[in-house]
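What follows is one structure encoded as structure tokens, with my remarks underneath.
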2 protein chains.
Amino acid sequence: MTINAIFEALSHPVRRDILKMLRAGPLSAGDLARNFDLTKPTLSVHFAKLREAELVSVERQGTSLIYHLNMSILEEALSGFLAFKEPKP
Amino acid sequence: MTINAIFEALSHPVRRDILKMLRAGPLSAGDLARNFDLTKPTLSVHFAKLREAELVSVERQGTSLIYHLNMSILEEALSGFLAFKEPKP
DNA sequence: CGCCTAATTAGATATCCTTCTAATTAGAGT
DNA sequence: ACTCTAATTAGAAGGATATCTAATTAGGCG
């Protein structure tokens, strides 16, 4: 997890929308994908970037992958940058 | 000014570093540029993106352009996104 | 096992981003 | 007007990103 990966992940509107949806609670990849006018593979790539930044975590439930928002990472990164603090050593 | 332009602007480490430097007070384009291992035209492009997002404002002083941090825009955008609020209508 | 659904990975293409050098604009001073 | 310094804009090259279709992995169930 780097501050770089986090801001990189936040730079795309689709990925920010994904985070907003997850705010209400965990959702499967398919349920998330249904909300966009993009193919599932495209969404998978966006999920991967969010995972890389550790802004979301995944849990398997049968054949589905359930995505959870990692609010603490998001909060630390954004409020940390607002205060111009360095990331935790 | 759009939330999109703001997160786009924040996505590059050089631009985030520029904002950090401006935290301490206004600086000229040249003074900012001296801190990076990049040419001045390259920095100019980064400045332009920050202006576009209205994260900085510019004021001319003789032949120099002085950049100021627009803290309120940054704060509203980041804390707004953290709270998952919509941007001001 | 064979098949169906859910999702990701691979490969290809088009677009966007970053960076450079060269050219241009703008102000100050002689 | 000329020249010097400060900075931006233009144009081009290279690398990275987003998106699609096709192929692959993984789990559940008859």
Side-chain angles (χ1 to χ4, degrees), chain A residues 1-22 24-70 77 81, chain B residues 1-22 25-70 77:
Chain A
M1 188 274 279
T2 65
I3 197 79
N4 222 53
I6 292 175
F7 276 103
E8 180 66 41
L10 291 174
S11 72
H12 198 289
V14 164
R15 292 192 289 265
R16 292 198 303 275
D17 284 346
I18 291 169
L19 295 178
K20 283 184 196 164
M21 288 175 197
L22 291 178
L27 283 170
S28 73
D31 285 344
L32 283 166
R34 257 178 277 293
N35 290 284
F36 297 92
D37 203 20
L38 295 167
T39 64
K40 281 178 78 171
T42 296
L43 267 294
S44 259
V45 176
H46 287 304
F47 296 152
K49 285 194 192 265
L50 291 169
R51 287 197 309 265
E52 205 182 312
E54 295 182 31
L55 288 169
V56 300
S57 53
V58 202
E59 158 212 14
R60 183 174 277 279
Q61 251 179 44
T63 71
S64 292
L65 291 178
I66 310 295
Y67 280 95
H68 299 253
L69 174 62
N70 236 330
F81 183 72
Chain B
M1 184 272 280
T2 65
I3 196 78
N4 222 53
I6 293 175
F7 276 102
E8 180 64 40
L10 292 173
S11 72
H12 198 287
V14 163
R15 293 192 288 266
R16 292 198 302 276
D17 283 346
I18 291 170
L19 295 179
K20 282 183 197 165
M21 287 174 198
L22 291 178
L27 284 169
S28 74
D31 285 344
L32 283 166
R34 257 179 276 292
N35 292 283
F36 297 92
D37 203 20
L38 295 166
T39 65
K40 280 178 79 172
T42 296
L43 267 292
S44 260
V45 175
H46 287 304
F47 297 152
K49 285 190 194 264
L50 290 169
R51 287 197 310 266
E52 205 183 313
E54 295 182 32
L55 288 168
V56 301
S57 53
V58 201
E59 159 211 13
R60 183 174 277 281
Q61 251 179 43
T63 71
S64 291
L65 292 178
I66 311 294
Y67 282 94
H68 299 253
L69 175 61
N70 235 332

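Please read all numbers here as calculations on a predicted model, not as lab measurements. Just so you know, these numbers use all the heavy atoms, side chains as well, and skip hydrogens, waters and symmetry mates. Chain letters run A, B, ... following the sequence lines, proteins first and then strands; every chain starts at 1.
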Look at the side chain of [X] and the backbone N and O of [Y], then say whether any donor-acceptor pair between them is shorter than 3.5 Å.
X: A:Arg16; Y: A:Leu10; result: yes
X: B:Arg34; Y: B:Phe36; result: no
X: B:Arg15; Y: B:Glu8; result: yes

A:Leu32 vs A:Ile18 side-chain heavy atoms within contact, under 4.5 Å: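 In short, these two side chains touch, coming nearer than 4.5 Å.
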Between B:Val58 and B:His68, is any pair of side-chain heavy atoms under 4.5 Å apart?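 Not touching, per the 4.5 Å side-chain cut-off.
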To the nearest angstrom, how far is [X] atom [atom1] from [N] atom [atom2]?
X: B:Arg34; N: D:dT5; atom1: CZ; atom2: P; value: 13 Å
X: B:Ile18; N: D:dA7; atom1: CD1; atom2: C1'; value: 14 Å
X: A:Glu59; N: C:dA6; atom1: CD; atom2: C1'; value: 15 Å
X: A:Phe7; N: D:dA16; atom1: CZ; atom2: P; value: 22 Å
X: A:Leu32; N: C:dT8; atom1: CG; atom2: C1'; value: 15 Å
X: A:Ile66; N: C:dT8; atom1: CD1; atom2: C1'; value: 15 Å

If you look at every heavy atom in [X] and [Y], which pair is closest and at what distance?
X: A:Leu22; Y: A:Leu27; answer: CD2-N, 3.8 Å
X: A:Asn35; Y: A:Asp31; answer: ND2-O, 2.9 Å
X: B:Val14; Y: B:His46; answer: CG1-CD2, 3.7 Å

For D:dA7 and B:Ser64 - does any side-chain N or O of the residue sit under 4.0 Å from the phosphate oxygens OP1/OP2?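 So the side-chain polar atoms of B:Ser64 do come within 4.0 Å of the phosphate oxygens OP1 or OP2 of D:dA7, strictly under.
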Kindly state whether the ring of A:Phe7 and the ring of A:Phe81 have centres lying under 6.0 angstrom apart.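 Yes - the distance between ring centres of A:Phe7 and A:Phe81 falls below the 6.0 Å cut-off.
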Under 3.5 Å, which N/O atoms of the protein pair with N/O atoms of nucleotides 25-27 of chain C?
none

A:Tyr67 near the nucleic acid: base, sugar-phosphate alone, or nothing, with a heavy-atom cut-off under 4.0 Å?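 Sugar-phosphate contact only.
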Sub-3.5 Å pairs of nitrogen or oxygen atoms, protein against nucleotides 15-20 of chain C:
{"residue": "C:dT18", "atom": "OP1", "partner": "B:Arg15", "partner atom": "NH2", "Å": "3.4"}
{"residue": "C:dT18", "atom": "OP2", "partner": "B:Arg15", "partner atom": "NH1", "Å": "3.4"}
{"residue": "C:dT19", "atom": "OP2", "partner": "B:His46", "partner atom": "NE2", "Å": "2.6"}
{"residue": "C:dC20", "atom": "OP2", "partner": "B:Thr39", "partner atom": "N", "Å": "3.1"}
{"residue": "C:dC20", "atom": "OP2", "partner": "B:Thr39", "partner atom": "OG1", "Å": "3.0"}
{"residue": "C:dC20", "atom": "OP2", "partner": "B:Thr42", "partner atom": "OG1", "Å": "2.6"}

